[in-house]
Amino acid sequence: MRRAVCPGSYDPATNGHLDIIERAATQFDEIVVAVLINKTKSCLFEVADRMAMLKEITEHLANVRVDSWHGLLVDYCRANGIATIVKGLRAVSDFDYELQMAQLNYQLSGVDTMFMPSNPTYSFLSSSLVKEVATYGGDVGHLLPATVHQRLINRLAERT
Ligand code: PNS
């Protein structure tokens, strides 16, 4: 079984995330989309909501499941028999930090990272910018799966 993990905060998942997950799913027998819990980062959505959104948008992918983890990513990989981390790279600016994490993760555990170039349509896209634009009333409907977009609108309305 060739199993890989697509880790992230997914606060919330965007079309860019989904594109990477869909493409990774064609390369491995199983993809685990793991919501990594970082207690120092303040997120808009609860972990359960982020997972629910990921389940909704990956429903059509038979070999994709969604999970969450608090701790080191490589410990999650070890505990779940995962040999590969898949990360999307949007631009050169992503590369420095991603390379550093990939090399450290490999040294810590032998778990390797494969980088997948993002679809150029989404190379500018990040969850943080989507949230910022939406907070000030900008239209982000074309950047998110429909169900995520609706939940984002609802969540922002709850906050105000
Ligand atoms: O979506 P993000 O916030 O860019 O994802 C970053 C994430 C969650 C993949 C990264 O911070 C991570 O792997 N966190 C888990 C903790 C860990 O293993 N840290 C050491 C990395 S070398």
Side-chain angles (χ1 to χ4, degrees), residues 2-25 27-28 30-58 61 64-135 140 143-145 147-149 151-152 155-156 159:
R2 293 173 65 245
R3 191 180 282 133
V5 62
C6 291
S9 303
Y10 298 110
D11 186 47
T14 66
N15 284 342
H17 289 124
L18 183 56
D19 176 63
I20 296 291
I21 294 164
E22 284 174 338
R23 286 160 58 205
Q27 302 292 329
F28 291 88
E30 185 178 58
I31 293 292
V32 184
V33 181
V35 176
L36 269 293
I37 301 163
N38 179 349
K39 294 223 161 104
T40 63
K41 197 168 169 177
S42 79
C43 285
L44 178 64
F45 291 96
E46 297 294 333
V47 175
D49 294 328
R50 285 181 261 158
M51 290 178 70
M53 285 186 272
L54 283 163
K55 283 179 187 164
E56 285 165 5
I57 66 174
T58 58
L61 301 167
V64 173
R65 63 187 173 86
V66 178
D67 202 358
S68 66
W69 179 254
H70 182 213
L72 285 181
L73 176 58
V74 291
D75 286 340
Y76 180 81
C77 292
R78 277 198 197 108
N80 291 276
I82 293 172
T84 312
I85 298 164
V86 174
K87 286 287 193 77
L89 281 186
R90 289 166 296 191
V92 178
S93 50
D94 280 343
F95 185 69
D96 276 354
Y97 187 50
E98 290 296 342
L99 178 68
Q100 194 181 3
M101 283 198 287
Q103 289 171 329
L104 182 51
N105 281 333
Y106 184 77
Q107 198 181 75
L108 286 172
S109 66
V111 174
D112 233 322
T113 299
M114 291 191 183
F115 293 124
M116 189 170 279
S118 77
N119 182 322
T121 314
Y122 306 125
S123 59
F124 59 88
L125 188 50
S126 72
S127 301
S128 327
L129 283 179
V130 163
K131 284 182 286 189
E132 186 172 327
V133 172
T135 299
V140 291
L143 304 174
L144 301 170
T147 172
V148 174
H149 185 220
R151 280 177 183 258
L152 177 60
R155 181 76 188 96
L156 290 174
R159 284 205 325 178

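Counting convention: from 1, in listed order, for ligands and their atoms alike.
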Worksheet item: Based purely on interatomic distance, does Lys41 place a nitrogen or oxygen under 3.5 Å from a nitrogen or oxygen of ligand 1?
Response: yes
Worksheet item: Are any non-hydrogen protein atoms located under 4.0 Å from atom 16 (C) of ligand 1?
Response: yes
Practice prompt. Give the numbers and elements of all ligand 1 atoms closer than 4.0 Å to a heavy atom of Leu73.
Written response: 13 (O), 17 (C), 18 (O)
Response to the item:
When rounded to the nearest 0.5 Å, the distance separating CG of Asp112 from CD of Gln103 is 10.5 Å
Item to complete: Please say whether Leu104 places an N or O atom under 3.5 Å from an N or O atom belonging to ligand 1.
Response: no
Fill in: Ser9 versus Lys41, closest heavy-atom pair with distance
OG-NZ, 3.1 Å
Worksheet, complete the sentence: To the nearest 0.5 Å, atom CG of Leu73 lies from atom CE of Met101 at 9.0 Å
Discussion item. Out of the candidates Leu61, Ile57, Val66, Val86, only one should pair with Ile21 under the side-chain contact (heavy atoms from CB on, under 4.5 Å) rule; please name it.
Written reply: Leu61
Discussion item. In this structure, does ligand 1 have an atom that sits under 4.0 Å from one of the heavy atoms of Ser127?
Written reply: no
Discussion item. Would you compute the distance between atom CG of Leu144 and atom CE of Met53 and round it to the nearest 0.5 angstrom?
Written reply: 9.5 Å
Worksheet item: Could you state the interatomic distance from CG (Leu143) to CG (Leu129), rounded to the nearest 0.5 Å?
Response: 10.0 Å
Worksheet, complete the sentence: When distances are taken from atom 5 (O) of ligand 1, the protein heavy atom at minimum range is Gly8 CA, 3.6 Å
Discussion item. As an exercise, identify every atom of ligand 1 less than 4.0 angstrom from a heavy atom of Gly71.
Written reply: 15 (C), 16 (C)
Worksheet, complete the sentence: Of all heavy-atom pairs linking Ala34 and Tyr10, the shortest is O-CE1, 3.6 Å
Fill in: Proximity to ligand 1 by part of Gln100, non-hydrogen separation under 4.0 Å
neither
Worksheet entry | ligand 1 atoms in contact with Lys87 (distance to a heavy atom under 4.0 Å) | 9 (C)
Discussion item. Below 4.0 angstrom, counting only protein heavy atoms, does anything approach atom 8 (C) of ligand 1?
Written reply: yes
Worksheet entry | Rounded distance [0.5 Å steps], OG in Ser128 versus CG in Leu44 | 11.0 Å
Worksheet item: Which residue from Asp11, Leu72, Asn105, Leu36 reaches closest to atom 14 (N) of ligand 1 through any of its heavy atoms?
Response: Leu36
Fill in: Contact (N/O only, under 3.5 Å) between Ser9 and ligand 1
yes
Worksheet item: Could any protein non-hydrogen atom be found less than 4.0 Å from atom 3 (O) of ligand 1?
Response: yes
Worksheet, complete the sentence: To the nearest 0.5 Å, atom CD of Glu22 lies from atom SG of Cys6 at 11.0 Å
Practice prompt. Identify, for atom 10 (C) of ligand 1, the protein heavy atom at the shortest distance, and state residue, atom and that distance.
Written response: Met101 SD, 4.2 Å
